[in-house]
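Read through the structure below, which is laid out as structure tokens, and then see the notes.
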Amino acid sequence: MAVCWWLLIHCVLVTSSSAHNDFFTSIGQMTDLLFTEKDLVTSLKDYIRAEENKLEQIKRWADKLDVLSVAATQDPEGFLGHPVNAFKLMKRLNTEWGELESLVLTDMSDVFISNLTIQRQHFPNDDDQTGAAKALMRLQDTYQLDTNTISTGELPGSSSATSHQTALTVDDCYDLGKVAYSEADYYHTELWMVQALRQLDQGETSSTVDAVTILDYLSYSVYQQGALERALEFTKRLLELDATHQRANGNLKYFEYQLAKQKKVEEREEGEGADGRQRREAKGQHDDYLPERKKYEKLCRGEGIRMTPRRQSRLFCRYYDNNRHPRYVIGPVKQEDEWDRPLIVRYHNIVSDKELEKVKELAKPRLRRATVHDPQTGKLTTAHYRVSKSAWLGAYEHPVVDTINQRIEDITGLDVTTAEDLQVANYGVGGQYEPHFDFGRKDEPDAFEELGTGNRIATWLLYMSDVQAGGATVFTDVRAAVWPKKGTAVFWYNLYPSGEGDYRTRHAACPVLVGNKWVSNKWIHERGQEFRRRCGLQETD
């Protein structure tokens, strides 16, 4: 019996801890933290009121005795000559001062501390704070935002009419710089330390950080990027504020020596031209540098979309009944061509708000950090390039899920009985999924082997929320972009009819700049489609 109880407690603890990991990867789950914080603020105010009441009692007692003692000490013998005064003095010193001592020693914080201790078990941890900081920097790079724009909270897509804008303090900017520094990301360290210094120079105050500390980080971060002259400037400014700074005095001599040495090297490299510059630029690239990153980020900003007016004129909107399907003959669905090669179509008003809310309700308690297939091991693992949480819903779990699955089959004409369960995903701070393929490539022969249903033939992507800014689905190979619209779904084939992968479908989920992005995916597999989508004779048929 004891073993059973231990197993039950262990399961509950594991479930609880896993449910509260990686808060920053899901805005949906982060909303719970707001209500937790609201409860703590209420508890804190109760504690403050209790302390104020306690102090008010002590103050009244002190004021009363102050008046009494002033009168008594003017004529002590005459005062004590009255037997009632003598009795009350004995009583006060023997009893009432003891009661006052007990009141002063009473800890009014017990309830608040107890509540805080319980809630802290479900607080974000250092990894969450670091993840959120990295997300801000990712948004900064992707959408080409300067630090001042982020610091003031005036992000593109955020309405000034709402009260959601919050500014970053000097301390916040400094902490962002420290996160970048701890990751050896000296580029972002410089940007955020400069912003912190700028806000200090503008008169903002900080009780935790000063200009000397910020300049110390700045001089080293710009030195690491090879900007010796600027490193020297920051060091000299630091020494103007603190002439005894030991590290800065050492750095001053070192930077002056290195600067002289660098000038000699630059004179020698002048003859190398562009080749020398390219070598230096390649040396400074981040470890996670993607060859297609610039293209991906441009598409996320709505730039570089490759659609000519002539091709655009061939994209249409239509009422679609899937060859007079009985469910859609009278009420056909609205179908819109989003792209032509590969064909990407969008279905409008495909799921109602009520159905979407039910799916969110079912998924939210089960959201876990989204994973990717590791091509080396064939197993699922988390990755820094996929920032979201997901949950899988089977058709048997609720009639709404079964209805959506049936709707997908009726509209696409494909068999969904061999498809994967409906995956519901909620993106976190700067949530994204960098360029990837949905289908298993030839160098990943075991990608979906455990399912036994073949490769992913098609993708159905349902947008379950609107997004104020960012969050587009972009196809990097063909330079296409599809923007989220609540209640709509986009559909495309990942494989040619021959079964070969269509590499034009390489796509990504852009970082969410402002808003809360919910989507659900239905990955349809090859098994069961033999007579619904017949094979072609050519590889790219």
Side-chain angles (χ1 to χ4, degrees), residues 139 141-145 156-157 290-320 322 332-350 385 411-412 427 431-439 456-497 500-515 517 519 521-522 533 536 538-541:
L139 293 172
D141 293 343
T142 303
Y143 297 106
Q144 295 184 337
L145 305 171
L290 287 173
E292 61 186 334
R293 181 178 294 280
K294 287 185 179 178
K295 190 195 304 182
Y296 157 58
E297 292 180 348
K298 282 183 71 176
L299 290 169
C300 289
R301 296 192 296 270
E303 303 169 6
I305 298 173
R306 189 189 291 163
M307 173 57 71
T308 64
R310 186 174 180 181
R311 285 173 62 191
Q312 181 77 44
S313 68
R314 295 172 183 166
L315 301 180
F316 296 97
C317 295
R318 64 187 69 81
Y319 284 104
Y320 179 75
N322 193 15
V333 295
K334 298 174 183 176
Q335 186 189 66
E336 176 186 1
D337 295 333
E338 286 282 356
W339 208 256
D340 54 352
R341 298 188 300 271
L343 180 62
I344 304 170
V345 295
R346 186 195 295 263
Y347 296 98
H348 291 265
N349 304 322
I350 209 68
Y385 55 82
I411 291 172
T412 63
Y427 289 80
Q432 63 161 4
Y433 189 0
E434 288 183 0
H436 63 281
F437 298 101
D438 279 352
F439 63 89
R456 287 174 172 171
I457 192 173
T459 295
W460 172 280
L461 173 60
L462 172 65
Y463 295 112
M464 300 172 62
S465 66
D466 292 314
V467 180
Q468 288 117 294
T473 304
V474 298
F475 294 77
T476 52
D477 188 68
V478 296
R479 298 192 181 181
V482 179
W483 303 92
K485 186 177 180 183
K486 186 177 182 181
T488 70
V490 291
F491 174 79
W492 68 86
Y493 282 101
N494 297 304
L495 307 179
Y496 289 108
E500 292 294 323
D502 187 345
Y503 284 80
R504 300 173 301 174
T505 61
R506 185 168 174 80
H507 61 286
C510 293
V512 177
L513 180 56
V514 180
K517 183 181 177 183
V519 299
N521 299 286
K522 192 72 175 177
R533 192 190 191 221
Q538 302 298 322
E539 185 175 315
T540 58
D541 277 354

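Position 1 is the first residue of the sequence, and the numbers go up from there. Keep in mind that this is a model prediction, so the values were computed, not measured.
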- Message: Does K298, at its NZ atom, have more than 12 non-hydrogen atoms belonging to other residues, nucleotides or ligands within less than 6.0 Å?
- Response: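 No.
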Search all heavy atoms of [X] against all heavy atoms of [Y] and return the closest pair with its distance.
{"X": "P435", "Y": "A508", "result": "N-CB, 3.4 Å"}
{"X": "T142", "Y": "P511", "result": "OG1-CG, 3.8 Å"}
{"X": "W339", "Y": "V478", "result": "CZ2-O, 3.5 Å"}
{"X": "Q335", "Y": "Y347", "result": "NE2-OH, 2.9 Å"}
{"X": "N349", "Y": "T488", "result": "N-CG2, 4.3 Å"}

- Task: Apply the side chain to side chain donor-acceptor pair (under 3.5 Å) test between T459 and each candidate in T505, N521, D438; give the one that qualifies.
- Result: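 Answer after filtering T505, N521, D438: D438.
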- Message: Within the structure provided, determine whether L461 and V490 are in side-chain contact (heavy-atom separation under 4.5 Å).
- Response: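 In contact.
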- Could you please spell out the steps behind the side chain to side chain contact (heavy atoms under 4.5 Å, CB included) verdict for D477 and F475? CA-CA 6 Å; D477 188 68; F475 294 77; over 6 Å; no
- Task: Rounded to the nearest 0.5 Å, what's the gap from CD on E297 to CD on E434? Could you check?
- Result: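 Reported value, rounded in 0.5 Å steps: 8.5 Å.
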- Message: Quick one, H348 with K485, criterion side chain to side chain contact (heavy atoms under 4.5 Å, CB included). Give me CA distance, side-chain angles, the key distance, then yes/no.
- Response: CA-CA 9 Å; H348 291 265; K485 186 177 180 183; 3.8 Å; yes
- Query: Can you say whether the rings of Y503 and F437 are parallel (under 30°), tilted (30 to 60°) or perpendicular (over 60°)?
  - Reply: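 Perpendicular.
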- Task: Look at the aromatic rings of Y493 and F491 and report parallel, tilted or perpendicular, splitting at 30° and 60°.
- Result: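 Rings of Y493 and F491: perpendicular, as their planes differ by over 60°.
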- Message: Run V474 and C510 through side chain to side chain contact (heavy atoms under 4.5 Å, CB included) and show every step you take.
- Response: CA-CA 7 Å; V474 298; C510 293; 3.6 Å; yes
- Message: Test side chain to side chain contact (heavy atoms under 4.5 Å, CB included) on T473 and Y463; report intermediate values, then the result.
- Response: CA-CA 10 Å; T473 304; Y463 295 112; 2.7 Å; yes
- Message: Determine whether N494 and W492 satisfy the following criterion, side chain to side chain donor-acceptor pair (under 3.5 Å), listing intermediate values before the conclusion.
- Response: CA-CA 6 Å; N494 297 304; W492 68 86; 2.9 Å; yes
